[in-house]
Amino acid sequence: MKIKESDLVLFEKLQIKNVIDLALLFPKKIDNFTLTQVPKENENCTQKVKISSVNFRPNQLFGLAYCEAWKQTVRFVFFHPSKWHTMICKLGQEILFNAKITLFNDMWQFSNPRIITQNIGFYPKYNIQGIKDSEIQRLIQSYVTFENLQQSGLEQKYISLLLALQGFDSKSFLMHQNLECFSKELKYIEIYNFLRRLRAKKSSSKAYKLTLFSIQTWLESLPFSPTQDQLNALEDIRTDLSSSEAKRRVIMGDVGCGKTLVLLGAALMVYPRQALLMAPTSILAKQLYEEAKKLLPEFVRMIFLKGGKKEKDSTKHIQNANLIIGTHALLHLKKHNAVLVMIDEQHRFGSNQRQKIHSLSQGECSAHFIQFSATPIPRTLSMIQSELVQFSFIKQMPFQKQIATICIQNEDFARLKQEIDEQIKQNHQVVIVYPLVNQSDTLPYMSLEQASKYWISHYDKVFITHGKDKQKDEVLMRFRDEGTILLSTTVIEVGISLPRLSTIVIVGAERLGLATLHQLRGRVGRTGLKSTCYLYTKLKEIPQRLKEFASTLDGFKIAELDLKNRLSGDLLDGFMQHGNEFKFFNFSSDEDILKQAKKALQS
């Protein structure tokens, strides 16, 4: 589609990227100023009348007029008329009235009619600030053509529908009045357009030529047996690494599914070449480093890269390392030899950071790129994102999870305290998550600061941390080794492994998304320990979504539940076009339509 230079600014203002975007730009309403041949009660009618009498009351102008088209006298009334109304409504004056009409004393009445001064026809109203409706209408008439829509690859039936909807005539008006009749077709067009745009963003780059290291002996030497899903993910990675094109893959696994084994296996596959592994926090990066030292063969040279002061000979160590593990410090690496770049808990990095991370893998040849995430996403979203990245799913667990999820209210506190005492007696640990650090006038819940006085006065070895606590890593390490109760905010969502942690209490649980609740619950029972997650709410009725959450431990089912309770735009999380709103397509119910669109684009 060729766009005139003079129209480019308008396209940009409207955030229109292609002809389908423009064809799907529908008005908020359409004013129908065509002449109504027969009067219809309680419907908007437009007709020419000739004023035959005018009367006044306080805040009222009313009278009679003759409608030639209807061959009858009609009433009209204006409430709070302006001087302009008084000036226009003169005896013998012919006026075009538009209003919802009613029968009053066996006579049709125009109540507060609009006086039409423009041409008769249909006038779409888009209500877009700073842009005239007439300008948008002109764009649509100029660019939404059969030829332009055909170039997009849309089938004939969808092209015909869009052209009919943008006809600005009686047929178009009627179709907009009954838009729900075309919802299936519009859902298809919208998701087809979105996938097509995503596909256009996909770029390919040349990969390093690799001779892959066999990890079979290593897998057999491990002190545990990998699950089939872990082995399948490793096989997917092997296929990617064998490609001459640099691949991007997301390893999606539930909390505790054993993603660490997969990322270490991937690093070993490229040995003796170099792999980078980035984690969102230093405590998680250190934990991964300790796991790598414990599980990988001794011949793999590893370094843990922290931010801050550079160590002596660090450049030499970086150049010679087979595996570099670190946090954001890796973003500033100038010289490295990585052929594989991996990110753990990728959702914890902002979109700008993710772009910088990906740029680490780009050069004359690009490194393969793997993202690991413990936040399962709905099937429809993974199907959409697969236009840009490949997915591997780890659903099997290395051990049986024994986590009970219980919704509690104020009256359950005594029972909760009794359970906490019992867990501490068994040398287990407890985490209590509060919604805020400091007191709030708007929230009915105690803050971390307020609640800490109670717990410190009743229990020993109570530790406290939160997001702004500069010592949080040290606090978590000390709690792991010697603590009984940890009072925290959601900073605990992703972090240190706590093998003795058997109980988590989430205060004000209804305020958090199900994905966050699932991550928090994933802190307990990490080694198969029988555990409990308490969801505490002060609401009189426990929300249905909390009850549904409590009924399953499956993160993929929870992702589908979350989808029902949240807008699709929230779930996109900036991965695709920012602020995107699907007007028709529904993530939770339109998977079949998505499959149909994907199939059409592949043919």
List the atom of Leu535, the atom of Ala509, and the distance in Å for their closest heavy-atom pair. CB-CB, 3.8 Å
Go through Lys599 and Gln596 one step at a time and tell me if the side-chain contact (heavy atoms from CB on, under 4.5 Å) criterion holds. CA-CA 5 Å; Lys599 189 177 177 182; Gln596 185 190 345; 5.8 Å; no
For [X], side chain to side chain donor-acceptor pair (under 3.5 Å) partners two or more places apart:
X	result
Thr380	none
Gln396	none
Arg199	Glu387

All ring pair (Phe, Tyr, Trp, His ring centres under 6.0 Å) counterparts of Phe393, not counting sequence neighbours: Phe391, Phe556
Residues that Phe213 engages under ring pair (Phe, Tyr, Trp, His ring centres under 6.0 Å), provided they are two or more places apart: Tyr271, Phe299
Go through Ser242 and Leu212 one step at a time and tell me if the side-chain contact (heavy atoms from CB on, under 4.5 Å) criterion holds. CA-CA 8 Å; Ser242 303; Leu212 298 185; 3.4 Å; yes
Value rounded to 0.5 Å, distance of [atom1] in [X] from [atom2] in [Y]:
X	Y	atom1	atom2	result
Leu514	Thr552	CG	OG1	11.0 Å
Tyr188	Ile593	OH	CD1	10.5 Å
Phe304	Ile324	CZ	CD1	12.5 Å
Gln230	Ile394	CD	CD1	6.0 Å
His368	Glu245	NE2	CD	9.5 Å
Lys259	Ile370	NZ	CD1	13.5 Å

When you look at Ile251 and Ile237, which way does the side-chain contact (heavy atoms from CB on, under 4.5 Å) test go after all the steps? CA-CA 9 Å; Ile251 307 292; Ile237 292 168; 4.1 Å; yes
Any donor-acceptor pair under 3.5 Å from [X] side chain to [Y] backbone:
X	Y	value
Arg249	Asp240	no
Ser392	Ala233	no
Asp254	Gly555	yes
Tyr192	Gly153	yes
Lys187	Phe584	yes
Gln274	Ile318	yes
Arg500	Asn427	yes
Asp229	Lys395	yes

Are Phe587 and Phe585 an aromatic pair, judged by ring center distance below 6.0 Å? yes
May I ask you to test the [X]-[Y] pair for a side-chain heavy-atom distance under 4.5 Å?
X	Y	result
Arg196	Asn18	yes
His428	Thr503	no
Leu231	Leu219	yes
Ile384	Ile191	yes
Met302	Leu296	yes
Leu210	Leu340	no
Leu261	Leu222	yes
Leu268	Pro297	yes

So which pairs with a foot in residues 214-253 pass ring pair (Phe, Tyr, Trp, His ring centres under 6.0 Å), sequence neighbours left out?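 Every pair satisfying ring pair (Phe, Tyr, Trp, His ring centres under 6.0 Å) with a residue in residues 214-253: there are none.
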Distance-only side-chain donor-acceptor flag, Gln228 / Asn232, under 3.5 Å: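 Yes, a side-chain donor-acceptor pair sits under 3.5 Å.
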Answer with yes or no whether the side chains of Arg521 and Thr405 bring together a donor and an acceptor at under 3.5 Å. yes
Any salt bridge linking Asp21 with Arg197? Criterion: basic side-chain nitrogen under 4.0 Å from a carboxylate oxygen. yes
Strictly below 4.0 Å, N to O, side chains only: are Arg478 and Glu482 in salt-bridge contact? yes
Taking Glu291 as the fixed residue, which of Gln287, Lys294, Lys293 is the one that meets the side-chain hydrogen bond (donor to acceptor under 3.5 Å, both in side chains) rule?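 Looking at Gln287, Lys294, Lys293, the match for Glu291 under the side-chain hydrogen bond (donor to acceptor under 3.5 Å, both in side chains) is Lys294.
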Before you tell me yes or no, could you show the steps for Leu501 and Leu486 under side-chain contact (heavy atoms from CB on, under 4.5 Å), namely the whole-Å CA-CA distance, both residues' side-chain angles and the distance that decides it to 0.1 Å? CA-CA 10 Å; Leu501 184 62; Leu486 175 70; over 6 Å; no
For [X], is the [atom1] atom crowded, meaning more than 12 foreign heavy atoms sit under 6.0 Å from it?
X	atom1	result
Glu220	CD	yes
Lys472	NZ	yes
Lys557	NZ	no

Testing Val433, Ile504, Leu546 for side-chain contact (heavy atoms from CB on, under 4.5 Å) with Leu517, which one passes?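 Answer after filtering Val433, Ile504, Leu546: Leu546.
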